[in-house]
Every structure is written in structure tokens, then in C-alpha cells.
**Q** 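This structure is in C-alpha cells; I'll ask about it shortly.
No hydrogens, no waters, no symmetry mates; every other heavy atom, side chains included, goes into these values. For clarity, every value in this text was computed on a predicted model and none was experimentally measured.
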Amino acid sequence: GETYLSENELVLPKVTEKGEIISWTQTKDDNRFLWALIFLLVPALLMVGQDYEFRQQSEKRLVEIRKTYPEFLGELGILAGSGLSLSGAWKRLAADYRKLNRNDPLMEEVLRASMEMEEGASMREALLHFSDRIPIREIRRFVSLLTQNLRRGDAYLLSRIRELSDEAWENRKKQVKEKS
């Protein structure tokens, strides 16, 4: 019969009842598939997590831009109304932001566009790049207004900037009411 060495161990026979020799081998669990699966899943899960985090940061950035957009329009309108050219007002806003040393995604993009102009890009090119980096409808509309003004000139630019500013403030108030 069978002999037990302990609860977990069993002594197996070496010969059958007919006298044939039995060869026993111990097989180990093959975990290669499990390890391969782990090595494939872990990087995939990390990439999904990073993508999610990137999307969250991007959305947070756009929320911050929408939040500061009305103030930006107001300041640009004031500077342009005080006699500065559009590019002069833009550059002045960028220079003032440099001095403040704060984190504002919209003003970072204004600064970036200003630096592009300093490096030789036309204001139209810098504005189009600015618009490309900020995928918000209001920004695209604003940039469209400015680029049209650069092409053909517009005596009503200041009033249009003020209209956009008023609209932006109304949208911001509406969003605050909706949140509360």
C-alpha cells in the first residue's frame, strides 16, 4: 500500500504489481504564462494611468484658462484703449506677467506668443500658434477677431474686445452659479 510520511507527503511505489518499474518525476507549476502576462499588463496599466493623469491635467489647465480669460480680455482692452498698438499691448501683458512670477496657464501662452514675436514670427503667426495650443472655442473666436483686424484693420476693435470681455464675464458668472 501507500505509506504517508506526513500530511503533505506520500511515498509512491517504485514497481507495479506486475513487476514493471515505475519512474516518477515531480512537475513544477509552469508560471511562465503568468509572468509574461504580468510583464505585459503592468506597463499597459502604467500607460493607461499616465494617460488618465495627462487628461486630468489638461482639463485642469483648460478650466484655469477659462477662469482667467475674462481678466485677460479686460486688461488687453484697457492697454489697447490707452493708445498701445495690439502687439504692444500683448507684449506689455507678457512683460507684466514675467514680473509677477505666478502660475497662470493663459498668461504662459501669452508669454510664449510674445516670445515667438520677439524671435521674428509675425503677430498673426504667433496668434495662430496661441490658438492651436489652447483648444477653447472662445480663444479661437478671439484670435479670429485679432487676425482679421491685422489683415484689414478695424476701427471697432476695442469695442469688439470689450464685447468679448463682457461675454466672457457673463459666461464665468454663469459657470460659478452652475457650480454652486
Side-chain angles (χ1 to χ4, degrees), residues 41-180:
L41 283 179
V42 168
L45 290 174
L46 287 174
M47 287 180 6
V48 167
Q50 287 174 341
D51 184 55
Y52 176 77
E53 185 177 327
F54 176 75
R55 287 177 194 240
Q56 291 294 99
Q57 288 174 348
S58 294
E59 188 58 36
K60 183 179 176 185
R61 177 179 175 266
L62 293 178
V63 166
E64 285 297 314
I65 288 172
R66 282 188 177 102
K67 184 178 171 184
T68 58
Y69 175 65
E71 295 169 29
F72 162 73
L73 281 177
E75 291 176 20
L76 184 68
I78 289 170
L79 290 172
S82 70
L84 286 175
S85 68
L86 186 58
S87 65
W90 190 278
K91 290 175 184 177
R92 173 75 183 269
L93 283 173
D96 289 348
Y97 175 70
R98 264 188 208 158
K99 294 175 190 174
L100 292 177
N101 194 24
R102 66 174 208 211
N103 186 18
D104 181 341
L106 178 60
M107 292 308 295
E108 287 291 329
E109 293 300 337
V110 169
L111 179 61
R112 190 170 171 188
S114 179
M115 289 173 24
E116 285 180 27
M117 287 186 266
E118 288 172 8
E119 292 170 359
S122 70
M123 181 157 191
R124 183 177 187 283
E125 290 172 327
L127 286 172
L128 291 174
H129 293 157
F130 173 79
S131 174
D132 289 342
R133 291 188 299 266
I134 305 174
I136 298 174
R137 184 180 51 85
E138 294 91 344
I139 296 290
R140 293 192 190 282
R141 194 167 147 215
F142 165 71
V143 167
S144 176
L145 171 72
L146 296 184
T147 55
Q148 285 175 9
N149 176 268
L150 291 172
R151 260 187 282 142
R152 60 180 181 197
D154 188 352
Y156 303 104
L157 177 65
L158 286 178
S159 64
R160 291 197 176 147
I161 289 175
R162 286 188 186 112
E163 287 172 13
L164 286 177
S165 178
D166 292 343
E167 204 175 289
W169 278 111
E170 288 303 316
N171 285 339
R172 184 169 171 193
K173 287 177 195 175
K174 182 180 168 186
Q175 289 171 353
V176 169
K177 284 180 184 178
E178 287 174 2
K179 274 190 174 181
S180 64

**Q** Do the side chain of Ser58 and the main chain of Phe54 share a donor and acceptor less than 3.5 angstrom apart?
**A**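 Yes, because the side chain of Ser58 sits within donor-acceptor range (under 3.5 Å) of the backbone of Phe54.
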
**Q** Using 0.5 Å steps for rounding, measure from the CE atom of Met123 to the CG atom of Leu146.
**A** 6.0 Å

**Q** State, to 0.1 Å, how close Glu125 and Ala121 come at their nearest heavy-atom pair, and which atoms those are.
**A** OE1-CA, 3.4 Å

**Q** What orientation do Trp90 and Phe130 show, parallel under 30°, tilted 30 to 60°, or perpendicular over 60°?
**A** perpendicular

**Q** For a 4.5 angstrom cut-off between non-hydrogen side-chain atoms, does Arg140 reach Asp132?
**A** yes

**Q** Quick one: side chains of residues 104-120, donor-acceptor pairs under 3.5 Å with protein atoms, not counting sequence neighbours, listed by atom name and distance.
**A**
residue, atom, partner, partner atom, Å
Asp104, OD1, Thr68, OG1, 3.3
Asp104, OD1, Leu106, N, 3.1
Asp104, OD1, Met107, N, 3.4
Asp104, OD2, Arg102, NH2, 3.0
Glu108, OE2, Tyr97, OH, 2.5
Glu109, OE1, Arg133, NE, 2.3
Glu109, OE1, Arg133, NH2, 3.3
Glu109, OE2, Arg61, NH2, 2.8
Glu116, OE1, His129, ND1, 2.8
Glu116, OE2, Arg133, NH1, 2.8

**Q** Using distance only, find each side-chain donor-acceptor pair of residues 73-88 under 3.5 Å and give its atom names and separation, not counting sequence neighbours.
**A**
residue, atom, partner, partner atom, Å
Ser82, OG, Leu79, O, 2.7
Ser85, OG, Ser87, OG, 3.4
Ser85, OG, Gly88, N, 3.0

**Q** Of all residues at least two apart in sequence or in a different chain, which pass the side chain to side chain contact (heavy atoms under 4.5 Å, CB included) check with Lys60?
**A**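 Checked Lys60 against side chain to side chain contact (heavy atoms under 4.5 Å, CB included); zero matches.
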
**Q** Answer yes when Arg162 and Asp166 have at least one side-chain N-carboxylate O distance shorter than 4.0 Å, and no when they do not.
**A**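 Here Arg162 does not pair with Asp166 in a salt bridge, since their nearest N and O are not under 4.0 Å apart.
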
**Q** Counting heavy atoms not belonging to Arg92, are there more than 12 under 6.0 Å from its CZ?
**A**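 Open: at most 12 neighbouring heavy atoms sit under 6.0 Å from CZ of Arg92.
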
**Q** One pair to check against side-chain contact (heavy atoms from CB on, under 4.5 Å): Asn149 and Leu145. What are the steps and the verdict?
**A** CA-CA 6 Å; Asn149 176 268; Leu145 171 72; 5.8 Å; no

**Q** Which distance, rounded to the nearest 0.5 Å, do you find between the CD of Glu178 and the CG of Asn171?
**A**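 So the CD of Glu178 and the CG of Asn171 are separated by 9.5 Å.
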
**Q** Do the side chains of Lys173 and Glu170 get close enough for a salt bridge, i.e. N-O under 4.0 angstrom?
**A** yes

**Q** Please report the interatomic distance CZ(Arg172) to NZ(Lys67), rounded to the nearest 0.5 Å.
**A** 6.5 Å

**Q** Rounded to the nearest 0.5 Å, what separation is found between the CD1 atom of Ile134 and the CG atom of Leu62?
**A** 8.5 Å

